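Structure first, then comments.
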Amino acid sequence: MRPSGYQAPAISSAPSDVQPKEKSDWDTLKRLFPYLWVYKWRVMAALAFMVGAKFANVGVPLLLKNLVDAMTLKPGDPVALLVVPVALLIGYGALRLSTSLFTELRELVFAKATAGASRSISLQVFRHLHALSLRFHLERQTGGLTRDIERGTRAVNSLISYSLYSIVPTLIEVALVLTLLAVKFDVWFAWITIGALVFYIAFTITVTEWRTQFRKTMNELDSTANSRAIDSLLNFETVKYFNNEEFEAQRYDHNLERYRRASVKSQTTLSLLNSGQQFIIAVGLVIMLWRATQGVAEGRMTLGDLVMVNAFMIQLYIPLNFLGVIYREIKQSLTDLEKMFGLLEREREIADAPQAQALQLRADGADASVRFEDVVFAYEPVTAGNPSGGRTILHGISFEIPAGKTVAVVGPSGSGKSTLARLLFRFYDVGQGRILLGGQDIRQVTQASVRQAIGIVPQDTVLFNDTVEYNIAYGRPGASRAEVEAAARAAHIHDFIAGTPKGYDTMVGERGLKLSGGEKQRVAIARTLLKNPPIVIFDEATSALDSANERAIQAELQGVSQNKTTLVIAHRLSTVVDAHEILVMDAGRIVERGTHQALLTANGRYAQMWNLQQQSSATAAA
C-alpha cells in the first residue's frame, strides 16, 4: 500500500525524433528523490539511526584507548584490576552492539522506502510503455528493453544501498574522526588523514571514470546478446524450418565473445584500481603510525592513544577500501536508472486531449455509428528529420457504418484496409480529416473509452502463455467461469475445451502455439463475445483457415456481428456477400462501393476479383 496522498511524479516528454540530452548524475538523483520523499519520515528515521551508529562506532576506539590505559596498573591493586577493566569491557561490548543495532534498525526502517520507490518507478515505466504508440513497440527490441528495465529497477536498490549505507556513513565518520584527532592530539594527524583521503578519492574517481566506458560497453553488449537470444527463441519454428540452429548459436556466441573481451578489459582495469588504492592506504597508515609512535616515545601520547589512532585508521580505511567498487556501482546504477528514466521521457505520440471525456454511447449500441471523413494518413509523419514525410497510405477516405450495420472493405494487399482498424483503435492519429464514433471525434475523447467500445477478431490471433480460461476472460477481466463458458459455447469451442484433460485450465503455450489456427480463432471470437462491445472489427479473421473451418467460423462471426456495428476487412469475397455495403480499396483510395449484387452488375474491379476467386475455387475443387 502506498502512503495516503501518494502521487507519482509527473512524466516529462521529449519528441521521439530528437536525441535526449545527456543527463548529469545530479539530474538523475533529482528524478529519484520524489519517489523516496513519499516516505520522508522513514528517510529521516533511517538517517537518525545511521548517525547513531556512527557515533557508537567512533566511540569504540575511544573506549579501547581507555581500556588499554587502564591496564597499566600498580601491582597488587585488586580494586583497579577488578572494577575498571570490567566496566570498560562492558561499555566496549555495549558500543559494539549499539553499532550493529543502529545499523539493523536503519535498514529495517528504510527497507519499505527502498522497495516502495522501486515498485513505484517500475510500475510507472510499465504503464508508460503500454501508453506509448504502436510505432515505438514495432521498433523496440524486447530483450534489450526488458534488460534495461530490470537493471534500472535493481539500480534503485543499489543506489540507495551504496549511497545511504556506505558513502554518507563514511563521510560522517571521517568528519568525526578528523575532529577528534585535531582536538585531542595535534592538527598534523588531521592533515595527514585529509591528505591520504584526497589522494585516495582523486585516484579512485579518476580511474573509475576512465573505467566507466568499459562497463557501458559491457552493458550494451549484454543487451544486444540478450535481444538476439530472445528474438531467436521467439522465432524457434523459423529457426527449425531453415535448419539454422548452428547459425543462431554462432551469432549468439559472437556477441558473447565481444562481451567476454570487454569483461576481461574491465577486470584488468579493476585490478589496477585496487592496487593503487592499497598503495595509498598503506602509505597513509604508515605515516600516521610513525607519528603516533614518535608521540608515545616522547611521552606526549599514551599506549592507548597509539591503539586508538590505529583503530581509527582501520575503521576509516576498511570502508574506503571498497570506495572504488562503491563509486563504480553508484555510477553504474545512475547510468542504469537514467536509461530507465529515459523510457519515461519517450513521447506519448498518441495522447488524450486535455480535459478529454469518455466516449458516450447508449448501452444498446443504437447510436454506435462509425464515420470516416476525408481521412488522409501516412505512417511516417512530417518531422524535423523527415521533412517530406512518408508514403501516404490513405487518400481522402470517406465512408459511414450506420449503427447495427455491416460494412466490408476488400482489395489487394497494401491497399490500406488494415490501416483503417489501426486508426479506429487510435494506434495512430489521422493526418487530415477525422473519425467519428457515435458522432464524436475519437481524438477528443479518451483512448480507453474508444478501445472499450470496439472489439476485434484479428487475422493473427496472439494468445498469452496462460490457460484457455485466462485468454477468453481477457476480453473482460474478472468475468466468472460461467460467463467464460457461455462465451466459449457461443464461439463453438466449449466442447473442444471440455474434451481436453485439463479443460479450461489447459495451457495454450507461447503465443498460443499449442492450438491450431481454427482453435485460436474461436478463442479470439469467444474473447470478443465476452467483451460484448457495440462495435466489432473482423480483420481478415478467416484468411488463414481452410474452407471447412472458414465456413464454420464465418457463421460464428455473423452471429457475433448481429445487431452490432461491424467493419469486415477481407481478402476472400465470399465472406462479405451479406454486408450492407462493400468498399473496394486500391492504393489507399475507395474505387468502388455498393452491395455485392450491385458491384457484380457494375462489372468493375469487384466483379473481376469475384470472377478470379470463383475460378480459383473451381480449379482447387477439381
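Numbering starts at 1 and runs along the sequence shown. Below, each value reflects all heavy atoms present in this structure, side chains not excepted, and no hydrogens, waters or symmetry copies. In this text, all values refer to a predicted model and were calculated from it rather than measured experimentally.
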Shortest non-hydrogen contact between [X] and [Y], atoms and distance:
X	Y	answer
L424	I454	O-CD1, 3.7 Å
S398	D374	OG-N, 2.7 Å
I442	L423	CD1-O, 3.5 Å

Is [X] reaching over with its side chain to a backbone N or O of [Y], donor-acceptor style, under 3.5 angstrom?
X	Y	answer
K520	L463	no
N532	T528	no
T500	A498	no
T595	E581	no
E483	S480	yes
S415	P412	yes
N471	T467	yes
T565	K405	no

Classify the angle between the aromatic ring planes of H596 and Y606 as parallel (below 30°), tilted (30 to 60°) or perpendicular (above 60°). perpendicular
Classify the ring geometry of F464 against Y474: parallel below 30°, tilted from 30° to 60°, perpendicular beyond 60°. tilted
Would you list the pairs meeting salt bridge (charged side-chain N to carboxylate O under 4.0 Å, His left out) in which at least one residue belongs to residues 431-453, sequence neighbours left out? E373-R434, D441-R443
Do [X] and [Y] have side chains that approach each other closer than 4.5 Å (heavy atoms only, starting at C-beta)?
X	Y	result
R593	V584	no
V370	E400	no
V577	W610	yes
L437	V450	yes
H395	V376	no

Testing L361, N563, D367 for side-chain contact (heavy atoms from CB on, under 4.5 Å) with P534, which one passes? L361
Just wondering, are more than 12 heavy atoms of other shown residues or ligands nearer than 6.0 Å to CD in Q432? no
Is it the case that atom CD in Q357 sees more than 12 heavy atoms from other parts of the structure closer than 6.0 Å? no
Would you mind writing out the side-chain donor-acceptor pairs for residues 598-605 within the sub-3.5 Å range, not counting sequence neighbours?
| unit_1 | atom_1 | unit_2 | atom_2 | d |
| --- | --- | --- | --- | --- |
| T601 | OG1 | Q597 | O | 2.9 |
| R605 | NH1 | D586 | OD2 | 2.6 |

Check the side chains of H254 and Y259 for a donor-acceptor pair under 3.5 angstrom, ignoring hydrogens and angles. no
Pairing of R522 and D495 as salt bridge, 4.0 angstrom limit: no
